[in-house]
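Along the sequence shown, residues carry numbers from 1. Numbering of ligands and ligand atoms starts at 1, following listing order.
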Amino acid sequence: MGEEPPGVEPVVDSTAADIADMRIRGAATIADAAAEALATQATRSDASSPDAFRSGMRAAARRLYETRPTAVSLPNALRYVLQGMDGETVSELRASTVDRAETFQRDLERAQAQLGEIGANRLRDGDVVMTHCHSTDALSCIEAALEAGKHVEAIVKETRPRKQGHITASQLREWGVPVTLIVDNAARRYLDDADHVLVGADSIAADGSVINKIGTSGLAVNARERGVPVMVAAQTIKLHPDTMTGHTVAIEMREDSEVLAPDERTEITGLEESEDDGLTVENPAFDVTPPRHVDAIVTERGQFPPESIVTLMRELFGETIGEPWET
Ligand SMILES: O=P(O)(O)OC[C@H]1O[C@H](OP(=O)(O)O)[C@H](O)[C@@H]1O
């Protein structure tokens, strides 16, 4: 854990560290944790003036923002909470901020449940769904289908390097869904047994591109070739407003040790870790799936063809916005 900036509560720093190290992960879960951390910052702040309170909140938002760059749910959450910070006194500011964070968390949960109902309508009784990584939005669609009495089976991709497919498999087994776990490279072979590819998203760009866990784009290309529809489950908090003005989404590059353990590295190169061994490991956490490979983006506001998502983005965000703390 680093030293927190002045005015920032230690819990904000520890939440930020947990997000950066992926002890807290998944775009919606990250947003929820960030809102919670801002609420705690507001509650515990010992600021003696409204200005000091506001500046502590902004510093906290910045600390949380600087953890992982790709999932836009994080800055969208921070912006939403800070925009609700209102009042003339510290206690008014505190109450309004906590209230706003709670509203955000409630809405997030509600949106996921609504999205699940909509996504479940695409799933028929007896369908087989292929998943990639672990997405609570995607799982919400399966949960709603199960609640509607449909039988659903799943082919779950392991999802290297961190194998979040195991979390998906565990959740599905808890719900009694028959699961076939496969390595990522087996996806094309098993697409012939699948009725849907169902994934989540970390960000959706204005042109309908889907930014999600590395491997999604290859899966979508193969699914298109095999005639399997690709469904993306993404609450509107995953819509990336900056992409309306031409900005691109930063793709997070993570530690190479997630791909190759130090002893494996030594085994390959015959050299100690500290030596210049000439071996480069690249570990991008996400990739971009173009809209032409996506059949539907399912949100709590309904399902959209990817090309029309920009209409919803304009409605929700307007045309331009600044950094989360520039509210
Ligand atoms: O918001 P929910 O649907 O839970 O997850 C959305 C996406 O967040 C995850 O990223 P990471 O594991 O944090 O790198 C995955 O890419 C997943 O598809």
Heavy-atom distances under 4.0 Å are what count here, so tell me which part of [X] touches ligand 1: side chain, backbone, both or neither.
{"X": "K238", "answer": "side chain"}
{"X": "C133", "answer": "side chain"}
{"X": "A234", "answer": "neither"}

Next on the checklist: Between D137 and K238 (salt bridge meaning N to carboxylate O under 4.0 Å), is one present in this structure?
Outcome noted: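 Looking at D137 and K238, the cut-off is met.
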Item to check | Carboxylate-amine/guanidinium contact K213 D202, below 4.0 Å | outcome: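 Looking at D202 together with K213, the answer is no, because their closest N to O distance does not fall below 4.0 Å.
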Item to check | From R162, R254, K213 - option closest to atom 11 (P) of ligand 1 by heavy atom | outcome: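 The residue whose heavy atom sits nearest atom 11 (P) of ligand 1 is K213.
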For [X], counting its heavy atoms only, list the atoms of ligand 1 lying under 4.0 Å from any of them.
{"X": "N212", "answer": "7 (C), 15 (C), 16 (O), 17 (C), 18 (O)"}
{"X": "G26", "answer": "5 (O), 8 (O), 9 (C), 11 (P), 13 (O)"}
{"X": "A27", "answer": "1 (O), 2 (P), 5 (O), 6 (C), 8 (O)"}
{"X": "Q164", "answer": "12 (O)"}

Please report the interatomic distance [atom1]([X]) to [atom2]([Y]), rounded to the nearest 0.5 Å.
{"X": "E225", "Y": "L191", "atom1": "CD", "atom2": "CG", "value": "9.0 Å"}
{"X": "T97", "Y": "M85", "atom1": "OG1", "atom2": "CE", "value": "5.5 Å"}
{"X": "L219", "Y": "R188", "atom1": "CG", "atom2": "CZ", "value": "12.0 Å"}

What protein heavy atom lies closest to [atom]? Include the residue and the distance to one decimal.
{"atom": "atom 6 (C) of ligand 1", "answer": "A201 O, 3.4 Å"}
{"atom": "atom 3 (O) of ligand 1", "answer": "S135 OG, 2.7 Å"}
{"atom": "atom 9 (C) of ligand 1", "answer": "D202 OD2, 3.5 Å"}
{"atom": "atom 4 (O) of ligand 1", "answer": "T136 OG1, 2.5 Å"}
{"atom": "atom 12 (O) of ligand 1", "answer": "R25 NE, 2.7 Å"}

Answer yes or no: does an N/O atom from [X] fall short of 3.5 Å to an N/O atom of ligand 1?
{"X": "M22", "answer": "no"}
{"X": "F286", "answer": "no"}
{"X": "T29", "answer": "no"}
{"X": "A28", "answer": "yes"}
{"X": "H132", "answer": "no"}

Next on the checklist: Between T40 and E9, is the side-chain contact (heavy atoms from CB on, under 4.5 Å) condition met? List the steps.
Outcome noted: CA-CA 8 Å; T40 311; E9 292 299 310; 5.8 Å; no
Next on the checklist: Between S49 and D51, does the side chain to side chain donor-acceptor pair (under 3.5 Å) criterion hold? Intermediate values first, please.
Outcome noted: CA-CA 5 Å; S49 71; D51 275 355; 5.6 Å; no
Quick one: does [X] get within less than 4.0 Å of ligand 1, heavy atoms only?
{"X": "R68", "value": "yes"}
{"X": "Q112", "value": "no"}
{"X": "V199", "value": "no"}

Item to check | Test log, rule side-chain contact (heavy atoms from CB on, under 4.5 Å), inputs T168 and T159 | outcome: CA-CA 10 Å; T168 301; T159 318; over 6 Å; no
Next on the checklist: For residues I297 and L198: do they belong to one hydrophobic cluster (side chain heavy atoms under 4.5 Å, members Ile, Leu, Val, Met, Phe, Trp, Tyr)?
Outcome noted: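 In one cluster with I297: L198, no.
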Item to check | Chi angles and distances behind the salt bridge (charged side-chain N to carboxylate O under 4.0 Å, His left out) call for E158, R160 | outcome: CA-CA 6 Å; E158 182 182 40; R160 278 275 288 157; 5.8 Å; no
Checklist entry - Considering residues, nucleotides and ligands other than D276, do more than 12 of their heavy atoms fall under 6.0 Å from its CG? => result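 Not buried by this count: 12 neighbours or fewer within 6.0 Å.
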Checklist entry - Okay, side chain of D207, backbone of S209: is any donor-acceptor separation there less than 3.5 Å? => result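 Judged by distance alone, yes, a pair lies under 3.5 Å.
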Next on the checklist: Do V232 and N212 make a side-chain contact, defined as non-hydrogen atoms from C-beta onward lying under 4.5 Å apart?
Outcome noted: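 No. Closest side-chain heavy atoms not under 4.5 Å.
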